[in-house]
Number of protein chains: 2
Amino acid sequence: MDSSDVEEGSPAVVPGRNRRRMQSVRMVDVARLADVSPSTVSLYLRRPSSVAPHTGSTIERAIKELGYVPNMVAGGLAAAGSRVVSIIVPSLRNAFFAETVSAMEALLARQGFHILIGHTEYSLEREEELVRAALSWAPAAIVLTGLNHADTTRTMLAANRTPVVEMWETGDASIDINVGFSHAEVGGMAARHLISRGRTRLAFLGARLEEDTRAAQRCEGFRSACVEAGIEPQVVRHSAPASTEAGGILLARALAQGAYDGFACSNDTVALGVVFEAQRRGIRIPRTFSLIGFGDLEFGSFCDPSLTTIRPSADLIAKNVTELVLARINGEPDIEKGYRVEVGASIIVRGSS
Amino acid sequence: MDSSDVEEGSPAVVPGRNRRRMQSVRMVDVARLADVSPSTVSLYLRRPSSVAPHTGSTIERAIKELGYVPNMVAGGLAAAGSRVVSIIVPSLRNAFFAETVSAMEALLARQGFHILIGHTEYSLEREEELVRAALSWAPAAIVLTGLNHADTTRTMLAANRTPVVEMWETGDASIDINVGFSHAEVGGMAARHLISRGRTRLAFLGARLEEDTRAAQRCEGFRSACVEAGIEPQVVRHSAPASTEAGGILLARALAQGAYDGFACSNDTVALGVVFEAQRRGIRIPRTFSLIGFGDLEFGSFCDPSLTTIRPSADLIAKNVTELVLARINGEPDIEKGYRVEVGASIIVRGSS
DNA sequence: CGCCAATTTCGTAGCGCTACGATTTTCCCC
DNA sequence: GGGGAAAATCGTAGCGCTACGAAATTGGCG
């Protein structure tokens, strides 16, 4: 009954005969043309210095002639790891993150890495999905924003030896590598600055504080620094994302509540909205109140009044994250789990305070 | 759960072979636990409806229990095509493109696609590299910005059957699919609007026109519409990227050149810079001059005066690009090479004119 | 000119998954 | 309950490349 005695002379029709090819020109074609083995071509592509110069140039010529483009998918599979870095941010519409991603893309592209991107819209569930998706590409590293993640996300990442960098926020509960600064400290700086200007009736104008946990931390830092100075600040909230519109709404709401003489904002975009609304109402800044933003966005130097703000060195974050990712990938030994870089933040005093 | 090194009993006693595993849990493990063949697991993952409900739920349970994450790299290789869409934009710092990428990412993620991103900084050589890199991932589609590409880029893409969408600009020389609008027409609209306001001494304030070919087209459209109306406009240039700072510089430069009464700007950010500079100089807008921007960025409604602008329906671009990409991937027959969607642009008249 | 080490090149066996066709099971109706 | 169609499941052969170890070649020097 077994099929063990198949004695038919004709070779059984083999299944899976005509599969679709992904590429027309493969490494083997280059090898053939350059009259070397595929191994040598592969080696040349990965470590040109290990191939004799003459052989190298022959291969180079063959690649050009055939227009060969290496297949990263196959390469990634064979090498058990792809040259992809997955970056997950809350939102690209937010200038900070757009900037960071942009800077990292430029730096990593130079090292032959590609960027897979995802945005969470501040949802931990969405982040979890994105991390799962990212992992399925066997990335060289995963870069997350902030330290606040779903438990499942942490578990998934822990079960994996992919380097993980959490950026834009520092703290103790980091998964692996951590680059950023303390948002509570930034909030504190804002409060102390306003107080140093003699302001005492203070409020924090916050957009989307429930979701944007980093803004919430700045708010909390602001609060405690005020309390420390014997001042009880107000927090005015708006549930929409930070925008100039939100800034206008928040100022209106604050003015309806009381006579404040100092405002710290979620970020510079909100602060700009405050400036606009004040202009419309004929309120003079900083005569009537002092205003401080966060982020040092470009327009802050040029609006009228120019914005006092706190600059979070986004470029330093991008630079450090990139360097650490590369160091980790190259197996540098001193970049251990728990490695942390504080990039700090500096206050930039301008016209609005 | 998973130990870091894999030494599951495998009969690999063959001449010292030990490669590194990419994953600890593979599809075969899920199959084993669910007591089905790997094929069935694969089928379930790709077309759940083709698997008996009971089998499906058994597999589902096994996946959960093992924490299995499919390997897209292996899947992509086997299926001759990955679920990646590569998007190449000039810059993520530019709000338009950040917005578009963001919208597309959200829409495509819903369909199980991932976004590989690159930015060219307006360099055609860089774009070429990025396209080459993109192709090496065998993406489901490639999305480019604009119609202006290096010859080699065109050749590479032509040698490939990957769907290509060029967005944000329409014209005749498109590679494959084209979604956008005519920038010359936008420039014309701006000119005609200023003229309709009785303005006759007109100038275009342009940032980075040498590189940003779309801004250059708006400028050219502006010019010809002016000429058509018997007006000879001036073009004031600044070689730095569009920013509020550039707006200030351009206004200063224009005022030093002559007495203009109408300005069209590269985009809203530049226009905002003009507003700021005018404020500092005590110039009243629109009493002294009318101002029109481009892009309908968020702050435009809220600054003082609010900005008259031209809105390019970025969301429509993102929506159309995404839909066309999906249609093409699903082999819809009527989306042929040369398919074009004009999303148009509409003028939004506000306080600055 | 022979010997050994260093340099360069090569052959082979997968990486984990999916397409394809074949095989088995289920279902329906006479 | 038997026959045939439909549904469900399976077995196999790669997809294109790289890691690995081994083989071939070169070079230096006694």
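Proteins get letters first, then strands, A, B, ... in listed order; numbering begins at 1 in each.
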Give a yes or no on this: more than 12 heavy atoms of other residues, nucleotides or ligands lie within 6.0 Å of atom CG of Asp35(A). no
Could you state the OH-P distance from Tyr44(B) to dC17(C), rounded to the nearest angstrom? 16 Å
Mapping Val51(A) and Asn71(B) onto DNA chain C by nearest heavy atom, which one lands closer to the 5' end? Val51(A)
OP1 or OP2 of dC10(C) less than 4.0 angstrom from a side-chain nitrogen or oxygen of Ser37(A), does that happen here? yes
Judged by modelled atom types alone, do Ser37(A) and Thr40(A) share a side-chain donor-acceptor pair under 3.5 Å? yes
When you get a sec, tell me which of dC17(C), dA19(C), dC10(D) is the closest nucleotide to the side chain of Val36(B)? dC10(D)
Would you check if the side chain of Arg328(A) reaches a backbone N or O of Ile335(A) as a donor-acceptor pair within less than 3.5 Å? yes
Flag, side chain of Asn178(B) to backbone of Glu169(B), donor-acceptor distance under 3.5 Å: yes
Quick one: Leu43(B) CG to dT18(C) C1', roughly how many Å, whole number? 10 Å
Met72(B) has an atom CE; how far is it from atom C1' of dT18(C), in whole Å? 13 Å
Rounded to whole Å, please give me the gap between CG in Asp35(B) and C1' in dA8(D). 15 Å
Just checking Val73(B): base, sugar-phosphate only, or nothing, at a heavy-atom cut-off of under 4.0 Å? nothing
Under 4.0 Å, heavy atoms only, any strand: does Ala80(A) hit a base, just the sugar-phosphate, or nothing? nothing
Between Arg93(B) and Ser102(A), the two heavy atoms sitting closest are NH2-OG, 3.2 Å
Tyr122(B) OH: over 12 foreign heavy atoms closer than 6.0 Å: yes
Would you tell me if any nitrogen or oxygen in the side chain of Arg46(A) comes within less than 4.0 Å of OP1 or OP2 on dA19(D)? yes
Expressed as a whole number of angstroms, how long is the span from Ile63(A):CD1 to dC17(D):P? 11 Å
Of the listed dG16(D), dC17(C), dC10(D), the closest approach to the Gln23(B) side chain comes from dC17(C)
How close or far is atom P of dC17(C) from atom CZ of Arg26(B), stated in whole angstroms? 8 Å
Which of the following nucleotides, dG16(C), dT9(C), dC17(D), is nearest to the side chain of Ala74(A)? dC17(D)
Check whether Ser123(B) reaches the backbone of Arg126(B) with its side chain - one donor and one acceptor, N or O, closer than 3.5 Å. yes
Between the base of dG11(D) and the side chain of Ser39(B), is there a donor-acceptor distance below 3.5 Å? yes
Check residues 131-142 of chain B and write down every donor-acceptor pair under 3.5 Å in which the side-chain atom is one partner and the other belongs to a residue at least two apart or another chain.
unit_1	atom_1	unit_2	atom_2	d
Arg132(B)	NH2	Glu128(B)	OE2	3.1
Ser136(B)	OG	Ala133(B)	O	2.6
Trp137(B)	NE1	His114(A)	ND1	2.7

Arg21(B) side chain near dG16(C) phosphate (N/O to OP1/OP2, under 4.0 Å): yes
Mind calculating the distance between CH2 (Trp137(B)) and P (dC17(D)) to the nearest angstrom? 13 Å
Closest-nucleotide 5' rank along DNA chain D - winner of Val41(A) and Ala52(B): Ala52(B)
Could you tell me, to 10°, how much the axis swings from one end of the helix from dC1(C)-dG30(D) to dC30(C)-dG1(D) to the other, five pairs per end? 30°
Ranking dA8(D), dT8(C), dC10(D) by distance to the side chain of Thr55(B), first place goes to dA8(D)
All N/O donor-acceptor pairs, side-chain side in residues 62-73 of chain A, below 3.5 Å, sequence neighbours left out:
unit_1	atom_1	unit_2	atom_2	d
Asn71(A)	OD1	Val73(A)	N	2.8
Asn71(A)	OD1	Ala74(A)	N	3.1
Asn71(A)	ND2	Gln23(A)	OE1	2.8

It should be established whether Ser42(B) places a side-chain nitrogen or oxygen under 4.0 Å from OP1 or OP2 of nucleotide dT18(C). yes
Indicate, with a heavy-atom threshold strictly under 4.0 Å, whether Tyr68(A) touches base, sugar-phosphate, or nothing. sugar-phosphate
From the set dT18(D), dG16(D), dA8(D), return the single nucleotide nearest to any side-chain atom of Leu77(A). dG16(D)
Quick check on dA8(D): is either OP1 or OP2 less than 4.0 Å from any side-chain nitrogen or oxygen of Ser50(B)? no
Value in whole Å for how far the P atom of dC15(D) lies from CG of Asp29(A): 12 Å
